[in-house]
Number of protein chains: 4
Amino acid sequence: MTPQPNPERRSERARRAILDAVFEVAAAKGYGKVTIEAIAAAAGVGKPTIYRWWPSKGAVALDAVNDRIGDSMDFPDTGDIAADLTAQLTAVATMLTGDIGTIYRGIIAEAQSDPGLAADLRATMLEPRIQRCVRRLDAAVAAGQLRADLPARTMVDILYAPVYYRILLGAGPDETLRSPLLVRTVLEGLRPAAA
Amino acid sequence: MTPQPNPERRSERARRAILDAVFEVAAAKGYGKVTIEAIAAAAGVGKPTIYRWWPSKGAVALDAVNDRIGDSMDFPDTGDIAADLTAQLTAVATMLTGDIGTIYRGIIAEAQSDPGLAADLRATMLEPRIQRCVRRLDAAVAAGQLRADLPARTMVDILYAPVYYRILLGAGPDETLRSPLLVRTVLEGLRPAAA
Amino acid sequence: MTPQPNPERRSERARRAILDAVFEVAAAKGYGKVTIEAIAAAAGVGKPTIYRWWPSKGAVALDAVNDRIGDSMDFPDTGDIAADLTAQLTAVATMLTGDIGTIYRGIIAEAQSDPGLAADLRATMLEPRIQRCVRRLDAAVAAGQLRADLPARTMVDILYAPVYYRILLGAGPDETLRSPLLVRTVLEGLRPAAA
Amino acid sequence: MTPQPNPERRSERARRAILDAVFEVAAAKGYGKVTIEAIAAAAGVGKPTIYRWWPSKGAVALDAVNDRIGDSMDFPDTGDIAADLTAQLTAVATMLTGDIGTIYRGIIAEAQSDPGLAADLRATMLEPRIQRCVRRLDAAVAAGQLRADLPARTMVDILYAPVYYRILLGAGPDETLRSPLLVRTVLEGLRPAAA
DNA sequence: AAGTAACCGAGACGGTACGTCTCGTCTTGCG
DNA sequence: CGCAAGACGAGACGTACCGTCTCGGTTACTT
């Protein structure tokens, strides 16, 4: 994140091996066993190589998750805001229920006592996706599908919050399937006043 | 939580000192420095005394928070569901911004990789409060203030999720002050169809 | 050497296992592979247990050697100073050629850059044996077998120095067998002026 | 020592800088801080350049010491063997008490667990000086100043051993000043039988 | 009232992972 | 191709806590 060493000389091989090892170890032993030592061992890499480029385990995991997700979570725009949101939120909920979710929850947990990681989490993971959602919502507002008297960011919060709430505090995956109902309900509060 | 030793012989003095020490250490050094050793040292207690009565640091912290909150977070019922919810959610958000919140976030973090703690968290912290909220919402439904075609628990989720979302992922405390707006907006989606 | 923790609660089992492990590892892999980690692993002991009672690897090794030697290197007194010195020096040279010697040389090497260890080495290993030798030489001086105008400590230096010289810088064990000749020669310079 | 690369293309500038850097680092931080990395940094040289031409830190240090000493420690021959030996041994003891001695002791220490370095040490440092001393002693024997029934090498051992003994195991530099007394005493044992 | 059981404080123990240090090798331009 | 520079795989360092395990000592029931 804040590399003092020369990034041009960085070994791509090592970087890949480290990011992949995060998933390998998490899948094999659970996120609780994801330690810097375990990552280094699984990646066939020395510990200093990890510490050279990342400040903490959470930062590595965050990069690993970002790398794995890539641009795959792009926002759909079919013109139907309800359908698009349902699709997107379902996709997010599904992702957070699998391997990625296990690691992602660990990152959020670690960020509770690591302000730097929390900032990185918001900057690299949340903010870009929030921005894309904001753009989609703005389009919907312009199309008269959503009320205009509410900041788009607030709408995003209301929409995404239940997904995180259930991932972090919920009992099990079955509940996350109610996303469509949630979206529909929340949208009722977001529809234009005239509707 | 599952004490083999005889609870009748338990030292109340030690229990109090331990629960208080959680806050003392968290306030002095941050939750990251709250370790069993630090708690024992601050409480003037041996480590086995802690392990005798609690299975993990998170369990101690959870008891400490529950002990500190007590019944102070009871749900108001003025007849005006919007006012009651706003009051309650603001109270929760305020609490989660102070010392208690620091520890509470740590407990949630720890629960991500400790299913037992997660269960305790839900059973002793969330569920009772959800139940009280559900009762209040049921009354509001009966009074025709809220739509009846949605399970009360789902409404609770939608209402509380943004608070947790901001506490766990938000940028800062200022944002949490928007709770009233959130409640109003969400309630729009929860009003009776006829309204 | 300077134990902060309470020595009364010390585990004799662990102490024994650690001292024995030094020899075990040194015999199996050579003194170069004697690390704190290797000692801990071979002794079935945690690293902190070693660091709790010893300040460095060399200090552990010194204790191990002292423990192994015990009082076995006592000085003989048959009345014949030449025979006694030859016997003693041969015994020392023999000991320093075996397992103990391997470790002992390592300790001396480590002491070159660790003044504390050097002091311990002199205080626990060299000085007591020098004192015993001094006492024997004083008796020989009193018996008129050695010149009286030379401090006994200087005689000790002259007698022992070649043994260490060969152990630390010599080519091989065969040379150390010349001790009797050395003693005889050196003694020529130590005989009473009248002789 | 065993250079695979072409010695003709070797950079004399780098060689000089490396040998000087050994003393520079040792003087500034002590021999304990003399690492290959520190030498390379102080010399403004890449680590591989050192590894290309020397097998270990000790080998570099040995070359540095040999380079520094040069031929300055030549053996005097005034005809008076006692005076010559005293002069020479005092010179050696003095040298081993200064900067060179610090490094030299480190080399001896390292040689305890590095047979190759030990061999180099003997071949390049000890043996030539022993040979010169042997020649001087042989001359003294021929002149009837020393007994003839003892190999000159053994005499060398007896004479030099105390110096090394004190450097490597002694308490402090003050003791090394007694060299003249030592030499005189030892010589008593080396004088011709007829004397 | 004495005996005894169990909790208490204290802290040493066998471990795991930490983050750092140095090693000796490998890789990459520059001259 | 030797060089300066420095990233790399490896692994030991000394530290922090973990959770377990003795230890006396001090209550607080039992008989």
Side-chain angles (χ1 to χ4, degrees), chain A residues 3-11 13-15 17 33-41 43-53 55-57, chain B residues 3-11 13-14 17 33-41 43-53 55-57, chain C residues 3-11 13-15 17 33-41 43-53 55-57, chain D residues 3 5-11 13-14 17 33 35-38 40-41 43-57:
Chain A
Q4 304 96 320
N6 185 347
E8 297 183 12
R9 316 204 58 183
R10 183 168 187 182
S11 159
R13 192 190 62 70
R15 200 187 71 92
K33 296 286 187 180
V34 176
T35 64
I36 296 272
E37 293 216 329
I39 296 171
V45 145
K47 281 198 291 175
T49 301
I50 298 181
Y51 284 108
R52 207 180 339 258
W53 302 108
S56 69
K57 176 185 67 176
Chain B
Q4 304 96 323
N6 184 350
E8 297 183 11
R9 309 204 54 180
R10 182 170 186 181
S11 159
R13 192 190 64 70
K33 296 287 185 179
V34 176
T35 64
I36 295 272
E37 295 219 332
I39 295 171
V45 143
K47 283 196 292 176
T49 302
I50 299 181
Y51 283 110
R52 209 179 340 257
W53 303 107
S56 71
K57 175 185 68 175
Chain C
Q4 305 97 320
N6 184 346
E8 296 183 13
R9 316 202 60 184
R10 183 167 187 181
S11 159
R13 192 189 64 69
R15 198 187 71 92
K33 295 288 186 179
V34 176
T35 64
I36 296 273
E37 293 217 331
I39 295 171
V45 145
K47 280 196 292 174
T49 300
I50 298 180
Y51 284 109
R52 212 184 329 265
W53 303 107
S56 69
K57 176 185 66 177
Chain D
N6 183 349
E8 298 182 11
R9 308 200 53 178
R10 183 170 185 180
S11 159
R13 193 190 63 70
K33 296 287 185 183
T35 64
I36 295 272
E37 295 217 333
V45 143
K47 283 196 291 175
T49 301
I50 299 180
Y51 284 109
R52 209 180 338 261
W53 302 108
W54 288 278
S56 70
K57 174 184 68 175

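Quick note: numbers below take in every heavy atom, side chains included, and nothing from hydrogens, waters or symmetry partners. None of these values were measured; they are calculated from a predicted model.
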* Asked: In B/S/- notation, 5' to 3', how is nucleotides 25-31 of chain E contacted by protein heavy atoms closer than 4.0 Å?
  -> BBBB---
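- The heavy-atom pair separating A:A17 from A:A43 by the smallest distance is O-CB, 3.5 Å.
- Taking each heavy atom of D:A14 and D:T49 in turn, the nearest pair found is CB-CG2, 4.2 Å.
- Of all heavy-atom pairs between C:K57 and C:V34, the closest is CD-O, 2.7 Å.
- The distance between atom CD1 of C:I36 and atom C1' of E:dG15, rounded to the nearest whole Å, is 16 Å.
- Under the side chain to side chain donor-acceptor pair (under 3.5 Å) criterion, C:R15 pairs with C:E12, not counting sequence neighbours.
- Nearer to the 5' terminus of DNA chain E, by closest-nucleotide assignment, is the contact made by B:V45 (compared with the other of A:A38 and B:V45).
- In terms of heavy-atom proximity, C:A40 sits nearest to C:G46 at CB-C, 4.2 Å.
- A close approach under 4.0 Å does occur between a side-chain nitrogen or oxygen of B:R13 and OP1 or OP2 of E:dG9.
- Distance B:I39 CD1 to F:dC17 P: 12 Å, rounded to the nearest Å.
- Neither OP1 nor OP2 of F:dA7 sits under 4.0 Å from any side-chain N or O of A:S11.
- Between D:G44 and B:S56, the residue whose closest nucleotide on DNA chain F is further toward the 5' end is D:G44.
- Listed candidates were E:dG14, E:dC8, F:dC3. Nearest to the side chain of B:R10 is E:dC8.
- Closest heavy-atom contact between B:W53 and B:N6: CH2-O, 3.6 Å.
- Following rounding to the nearest Å, B:N6 (CG) and F:dT27 (P) show an atom-to-atom distance of 18 Å.
- The nucleotide whose nearest atom lies closest to any side-chain atom of C:A14 is, among E:dC7, E:dA12, E:dC13, E:dC13.
- Residue D:W54 places none of its side-chain N or O atoms closer than 4.0 Å to OP1 or OP2 of E:dG24.
- Nearer the 5' end of DNA chain F, as judged by each residue's closest nucleotide, is the contact made by A:E37, out of B:K33 and A:E37.
- Taking atom CD1 on D:I50 and atom C1' on E:dT22, their separation rounds to 13 Å, with Å as the unit.
- In this structure, B:W53 does not reach the E:dC7 phosphate: none of its side-chain N or O atoms is under 4.0 Å from OP1 or OP2.
- Phosphate contact (OP1/OP2 of F:dC17, side-chain N/O of B:T35, threshold under 4.0 Å): absent.
- Place B:A43 and A:V34 on DNA chain E by their nearest nucleotides, and B:A43 ends up nearer the 5' end.
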